[in-house]
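Keep in mind that what you see is a predicted model, and the values were worked out from it rather than measured.
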Amino acid sequence: MNTALLSIILNIAALLGQSSDVELLFAGDAMQHKAQIDAARRSDGTYDYSDCFTDVEAIVKGADFAIVNLETPVGSAGPYSGYPCFYAPASFVDALADAGFDLFLTANNHTLDRRARGLRSTVDELNARCIYHTGTYKNAAERASSLPLVLPVKGMRIAFLNYTYGTNGIQPNDGVVVDYIDRDLITDDIARARVAGAEAIVVAVHWGDEYRLLPNQSQKSLAKFLVEQGADLIIGSHPHVIQPMEVVHSDTFDKNVLVVYSLGNFISNMKTRDTRGGAFVRARLRRTPDGKVRFADADWQLHFTVPAGNGRNYHVVPADSVSIPQWQRQAADFSRAATDIFHRHNRNVPQHNSQK
């Protein structure tokens, strides 16, 4: 058989093997306050987080690919600490990975809490576990070889990029690299992703004002810029509360784009009403009859962090499934406020229907 014919046959076989839909799941800030670290500590000096995500594991693993914001440096040796300078046991990463998360976002305002050493430790721990990650790098050469991060998910080639507004005034040193929000850098990264064969581009951004339930003008401006650059999904974190999400249309690329301003906290020890939980967002990408990959639709589902007690560690549960009486009122209050924001401000992103 001649080479040209063989190539055609292989290409057809690849296309036939591709799924028409891919479901991505996004979760917000995975945090480790001191109380969480203390709750995970065992008598032998190890840290056990295996109980933290069992109640949402089926949700996470139900997606084709799941992404979470790792908002703490991690390492295999202490001393560990919570706010204001986070540093958590690497076993926290193990629990998140065991729950089904495939990609960890590391560009956030706490990534340099333990300076260059903590950044490198985090990258090393993720690499040792063969976990995908993006946003921070041990040196410029590693960034150059790691980006663009274009991953095959059920036959679709999806690029993942991650940027942060800042790092709490701590500047990178000793050669480490943090991807800050820089429009020229982002433009170049998106262009490189396309050259590398990306069929869809996900941009995760650490931005906005903490504890505000609506996006600010800077977020809206950057979202518009990212849409104009060709992003397909724009996923926000940092405010520690949920913010609205919308589907907008890109006239330049003639496609719909999902913009999620903030997913809130995935797990934390924050205690005000709006910080006790967050939202999962499921986003579906679809291969159209002409072979292009496009954002199709998305939905949201609330979750709530139940603090340690009653024989359990801190654990994340669907917000409508809190069974411990002392936390049911707080979960209901969080859910009412978050649902009200989404119902009033979301555009074309409905609540998840578990009956489908």
Side-chain angles (χ1 to χ4, degrees), residues 24-32 53 60 63 65-74 86 88 90 92-93 95-97 99-113 118-119 121-127 129-138 142-143 146-151 153 158-168 172 176-182 185-186 189-190 193 198 200-208 219 222-223 226 231-240 243 245 258-268 278-283:
L24 306 180
L25 179 138
F26 298 90
D29 303 336
M31 308 189 72
Q32 276 295 287
F53 310 114
V60 178
F65 196 82
I67 301 96
V68 65
N69 174 47
L70 180 63
E71 193 148 357
T72 177
V74 298
F86 292 110
F92 182 52
V93 164
L96 288 164
F101 287 104
D102 303 289
L103 173 66
F104 289 54
L105 307 171
T106 57
N108 55 67
N109 60 307
H110 288 288
T111 198
L112 289 176
D113 279 6
L119 185 154
S121 172
T122 303
V123 170
D124 285 340
E125 296 291 350
L126 294 170
N127 286 343
R129 292 160 173 78
C130 298
I131 294 173
Y132 294 121
H133 57 92
T134 190
T136 58
Y137 315 89
K138 294 194 292 182
E142 184 181 70
R143 185 185 196 277
S146 301
L147 288 184
L149 179 63
V150 181
L151 301 176
V153 183
I158 305 172
F160 296 91
L161 304 170
N162 179 210
Y163 307 91
T164 179
Y165 75 93
T167 45
N168 292 344
V176 300
V177 178
V178 177
D179 280 344
Y180 294 103
I181 295 170
D182 177 309
L185 176 68
I186 294 171
D189 287 345
I190 290 176
I201 296 173
V202 178
V203 182
V205 197
H206 210 67
W207 60 1
Q219 287 170 276
L222 183 58
L226 294 171
D232 294 272
L233 307 178
I234 301 164
I235 309 295
S237 60
H238 175 61
H240 300 302
Q243 290 182 343
M245 51 198 76
L258 174 67
V259 181
V260 177
Y261 285 105
S262 176
L263 290 168
N265 287 331
F266 179 50
I267 189 168
S268 80
F280 290 121
V281 167
R282 298 174 180 85

In terms of heavy-atom contacts, S237 and D29 come closest through CB-OD1, 3.3 Å

Short question: side chain of T136, backbone of A107 - any donor-acceptor pair under 3.5 Å?
no

Heavy atoms of A283 and F26 approach each other most closely as CB-CE1, 4.3 Å

Correct closest heavy-atom pair for A30 and V68 would be CB-CG2, 4.0 Å

Between H240 and H238, what is the ring plane arrangement, given parallel below 30°, perpendicular above 60°, and tilted in between?
-> tilted

CD1 (I234) and CG (L226) are apart, to the nearest 0.5 Å, by 4.5 Å

Value for CG (L233) from CE (M245), rounded to nearest 0.5 Å, stands at 12.5 Å

Could you tell me if the side chain of M31 sits less than 4.5 Å from the side chain of F86, heavy atoms only? yes

So CG of L96 and CZ of R129: to nearest 0.5 Å the spacing works out to 11.0 Å

- Run the ring-centre check on W207 versus Y261 and record whether the distance is less than 6.0 Å. yes

So CD1 of I201 and CD1 of I158: to nearest 0.5 Å the spacing works out to 11.0 Å

Checklist entry - Run the side chain to side chain contact (heavy atoms under 4.5 Å, CB included) check on F65 and L25 step by step: do they pass? => result CA-CA 6 Å; F65 196 82; L25 179 138; over 6 Å; no

With side chains defined as the heavy atoms from C-beta onward, is the minimum distance between I186 and L161 less than 4.5 Å? no

For a 4.5 angstrom cut-off between non-hydrogen side-chain atoms, does F160 reach I67? yes

message = Closer than 3.5 angstrom, by distance alone: can the side chain of T167 be matched with the main-chain N or O of N109 as a donor-acceptor pair?
response = no

- Message: Can you confirm whether P172 sits close enough to V177 that some side-chain heavy atom of one is under 4.5 Å from a side-chain heavy atom of the other?
- Response: no

| Taking it one step at a time, do V281 and L258 satisfy side chain to side chain contact (heavy atoms under 4.5 Å, CB included)? | CA-CA 10 Å; V281 167; L258 174 67; 4.2 Å; yes

Within-4.5 Å side-chain heavy-atom neighbours: T122 and F104: no

Mind checking whether L70 and T72 have side chains closer than 4.5 Å, heavy atoms only?
yes

Distance col, row Y163:OH vs L185:CG, nearest 0.5 angstrom, shows 5.0 Å

Checklist entry - Taking C-beta and beyond as the side chain, do V259 and Q219 meet within less than 4.5 Å on heavy atoms? => result no

Quick check: does any side chain N or O of N265 sit under 3.5 Å from a backbone N or O of G278, one acting as donor and the other as acceptor? no

What is the ring orientation for H206 with Y165, classed by angle as parallel under 30°, tilted 30 to 60°, or perpendicular over 60°?
parallel

Between N69 and L105 the two heavy atoms that sit nearest each other are OD1-O, 3.4 Å

Exercise. Could you check if a side-chain atom of L263 sits within less than 4.5 angstrom of a side-chain atom of F280, using non-hydrogen atoms only?
Key: no

P73 and T111 have their tightest heavy-atom pair at CG-O, 4.0 Å

Interatomic distance, CG@D189 vs CG@L149, rounded to 0.5 Å, equals 11.0 Å

Heavy-atom closest pair (V123 atom, H133 atom, distance to 0.1 Å) is CG1-CE1, 3.8 Å

Side chains of Y137 and D179: is there a donor and an acceptor less than 3.5 Å apart? yes

Y132, OH: over 12 other non-hydrogen atoms inside 6.0 angstrom: no

| query | Just by distance, do the side chain of N168 and the backbone of H110 share a donor-acceptor pair under 3.5 Å? | reply | no

